[in-house]
There are 2 protein chains.
Amino acid sequence: MSDSTLASMSPALAVSTVVFSLMPSDSTGRMALHIPLVRRIREPYRGRWALPGGPLAADEDLADAARRHLVTTTALSPTYLEQLYAFGARGRSLAERVVSIVYWALVSRANAADDATTALVQSDPNVCWFDADDLPELAFDHRTIVDYALWRLRTKMEYSRIAHAFIGDTFTLAGLREVHEAVLGRELDPANFRRMVESSDSVVPTGEFLTGTPHRPPRLYRYNHAVDLVDPNPLGRT
Amino acid sequence: MSDSTLASMSPALAVSTVVFSLMPSDSTGRMALHIPLVRRIREPYRGRWALPGGPLAADEDLADAARRHLVTTTALSPTYLEQLYAFGARGRSLAERVVSIVYWALVSRANAADDATTALVQSDPNVCWFDADDLPELAFDHRTIVDYALWRLRTKMEYSRIAHAFIGDTFTLAGLREVHEAVLGRELDPANFRRMVESSDSVVPTGEFLTGTPHRPPRLYRYNHAVDLVDPNPLGRT
DNA sequence: TCAAAAGTGTTTGAATTACACCCATGT
DNA sequence: ACATGGGTGTAATTCAAACACTTTTGA
């Protein structure tokens with residue numbers, strides 16, 4: 001069997017990404033998880049919303065491809081990026097056989113509000129941020145993929161410190177708690193949350209305080225880069 | 001860009017599997033994790049040991065491909081099979097670009113000792129079972145892959161009941177504990193282990209006892225198929 | 001009857017939860 | 001001064017580890 005024969009038998013390879021950001025929800029106004037989707041302009045599933053992604057360039061690492069597609073659709077760089085799963089069931093594409101290697105990413109709300117990129121992206125009618133708990137019908141098996149990514153994010157939130165990836169450089173503990181509450185979808189005891197974070201050693205006080213609040217000024221914190229913010233698997237950071 | 005152009009740019013796709021079984025170690029005689037490796041008969045890495053695997057057939061699901069390669073090299077069916085990771089870094093293959101979707105599998109020691117298949121496989125000089133903690137130099141990045149699979153197995157052992165996949169249909173609690181101890185590499189308190197397993201509801205007593213031991217006959221158990229033996233991720237069983 | 005593994009009971013300490021309470025600031 | 005979120009203290013509870021102890025068999 002020649003190489004070209006083998007290549008033609010091999011299914012096409014694509015890389016997609018589930019991108020999470022925290023934004024105020026349209027309905028409740030509270031912070032909620034949002035993900036960007038792109039409208040498909042060709043068959044199959046023309047007109048449906050789908051995860052950003054595309055083919056893998058010949059000389060490109062998988063994570064780089066995910067990052068590249070992410071940047072071109074959202075104009076944002078991920079603060080966290082991790083492989084989710086490879087989806088390759090036969091029936092998933094309708095047309096040609098496609099194996100999708102899917103990543104999930106977090107982008108910082110601070111970055112998102114940074115400059116005019118938000119407006120720029122919003123102006124593209126084929127890219128739109130949706131509330132993760134209120135999605136339209138998606139193309140392919142992308143709904144399954146998003147559900148799995150959501151599960152992974154929420155699970156990981158409870159044993160790692162990825163919440164930091166959602167927030168800016170300096171922050172209050174209340175702000176960090178807000179992130180946890182928005183992602184997990186439940187309220188957390190401020191006292192216990194404080195102890196949990198402080199005992200984990202993942203943050204260090206900057207010594208400064210946030211003023212201008214109507215009440216007692218909260219202490220500002222920064223990440224402790226000395227400790228690993230993700231999990232201790234032997235593959236390390238992507 | 002035509003489809004054929006795109007396909008030719010797309011890297012080749014392969015599926016490999018890290019297969020774990022428990023066998024008595026050559027050195028200590030105690031149960032230890034072993035994995036089967038195949039000797040490469042072509043460049044690159046000719047002569048080196050590598051994970052069983054190969055190309056993905058055009059009409060084949062990813063997990064089916066993993067299962068197929070597993071059966072052809074070891075003559076065993078997996079009692080557990082799960083996707084591990086997709087490895088696609090540029091430099092990993094030396095020759096053409098290959099993206100490997102790697103699975104990890106468990107096979108039951110009972111199955112392995114079942115019939116003449118063991119001898120059959122042992123007779124093939126290009127397939128050999130190695131102690132997972134005493135591996136030869138491997139081809140490609142397969143050493144990294146095995147280390148990651150080992151980490152996943154040991155991590156999962158602590159919060160799920162995959163240990164059952166290593167053992168036969170009926171078993172004693174001491175036998176199940178032996179599996180845990182061999183995989184985790186440390187001794188466990190028999191009393192606490194018993195309570196842990198019983199409270200998890202994952203086993204049910206058969207009512208029978210194992211006789212012929214030099215001491216008090218232990219009660220025999222069976223899996224409780226009513227409870228999920230793996231983790232509750234929304235993708236379900238592979 | 002004795003050795004050894006099966007199986008039970010109890011104590012300890014760590015970690016999580018719930019919640020009462022004080023502190024400090026803008027209004 | 002006071003309302004409100006920042007921040008601290010502490011009791012109740014749950015959970016896992018450690019280990020003493022009793023039971024049952026073959027030799």
Side-chain angles (χ1 to χ4, degrees), chain A residues 24 29-31 154-161 163 167-168 170-222 224 227 232, chain B residues 29-31 154-161 163 167-168 170-222 224 227:
Chain A
R30 298 163 55 99
M31 282 295 176
R154 289 182 170 137
T155 303
K156 201 148 198 166
M157 193 72 130
E158 301 195 324
Y159 68 88
S160 79
R161 304 160 192 64
I167 213 171
T170 66
F171 48 86
T172 65
L173 285 188
L176 189 61
R177 179 164 49 85
E178 218 182 324
V179 171
H180 274 83
E181 289 175 342
V183 172
L184 297 178
R186 69 163 187 269
E187 304 213 325
L188 300 170
D189 184 295
N192 295 335
F193 181 81
R194 162 182 304 277
R195 264 186 296 262
M196 195 256 286
V197 170
E198 281 176 343
S199 73
S200 79
D201 240 31
S202 62
V203 301
V204 286
T206 64
E208 298 183 355
F209 292 79
L210 179 66
T211 56
T213 65
H215 312 298
R216 173 173 174 177
R219 192 181 289 276
L220 283 170
Y221 291 84
R222 195 184 302 277
N224 179 6
V227 301
Chain B
R30 297 162 55 98
M31 282 295 175
R154 288 181 171 137
T155 304
K156 200 148 199 167
M157 194 72 127
E158 299 194 326
Y159 69 87
S160 79
R161 302 158 191 68
I167 213 170
T170 66
F171 48 86
T172 66
L173 284 188
L176 189 61
R177 179 165 48 86
E178 217 183 323
V179 172
H180 274 85
E181 288 176 341
V183 171
L184 297 178
R186 68 163 188 271
E187 304 212 326
L188 300 171
D189 183 292
N192 295 334
F193 181 80
R194 164 181 303 275
R195 262 185 296 265
M196 195 254 287
V197 171
E198 282 176 342
S199 74
S200 79
D201 239 31
S202 63
V203 302
V204 287
T206 64
E208 298 183 356
F209 292 80
L210 180 65
T211 57
T213 66
H215 311 298
R216 173 172 174 177
R219 191 181 289 275
L220 284 171
Y221 291 85
R222 194 186 301 277
N224 180 5
V227 302

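First the proteins, then the strands, lettered A, B, ... as listed; each starts at 1. Values below: every heavy atom of this structure, side chains too, minus hydrogens, waters and symmetry copies.
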Nearest-angstrom distance from the residue atom CG of B:Asn192 to P of C:dG7 = 15 Å

query = Does A:Arg195 get its side chain close enough to the base of D:dG9, under 3.5 Å, for a donor-acceptor pair?
reply = yes

ask   = Quick one: B:Arg194 CZ to C:dA5 C1', roughly how many Å, whole number?
value = 11 Å

task = Have a look at B:Ala191 and say if it touches a base, only the backbone sugar-phosphate, or nothing, with a 4.0 Å heavy-atom cut-off.
result = base

message = Rounded at 0.5 Å granularity, tell me how far CG in A:Leu173 sits from CZ in A:Arg194.
response = 5.0 Å

query = Is any side-chain heavy atom of A:Val179 less than 4.5 Å from a side-chain heavy atom of A:Met157?
reply = yes

inquiry  = Return whichever of A:Met196 or B:Ala174 has its heavy-atom-nearest nucleotide of DNA chain C closer to the 5' end.
reply    = B:Ala174

ask   = Taking the six-membered ring for Trp, are A:Phe193 and A:His180 parallel (under 30°), tilted (30 to 60°) or perpendicular (over 60°)?
value = perpendicular

note = B:Glu187 atom CD is separated from D:dC19 atom C1', nearest whole Å, by 15 Å

Expected output: side-chain A:Thr206 to main-chain A:Leu220 donor-acceptor under 3.5 Å = yes

task = Pull out every residue in residues 207-220 of chain B that has a heavy atom closer than 4.0 Å to any atom of DNA chain D, ordered by number, or say none.
result = B:Thr213, B:Pro214, B:His215, B:Arg216, B:Pro217

request  = Starting from P on D:dA16, measure out to CG on B:Leu188 and report it in whole angstrom.
outcome  = 13 Å

query = Under 4.5 Å between any side-chain heavy atoms of B:Arg177 and B:Val197, yes or no?
reply = no

message = When you compare the side chain of A:Glu198 with that of A:Tyr221, does any pair of heavy atoms fall below 4.5 Å?
response = yes

B:Asp189 CG to C:dG7 C1', straight-line distance once rounded to whole Å = 12 Å

message = Using whole Å, what does the distance between atom C1' of nucleotide D:dG6 and atom CD of A:Glu198 come to?
response = 12 Å

key: A:Phe193 CZ - C:dT17 P separation (whole Å)   = 13 Å

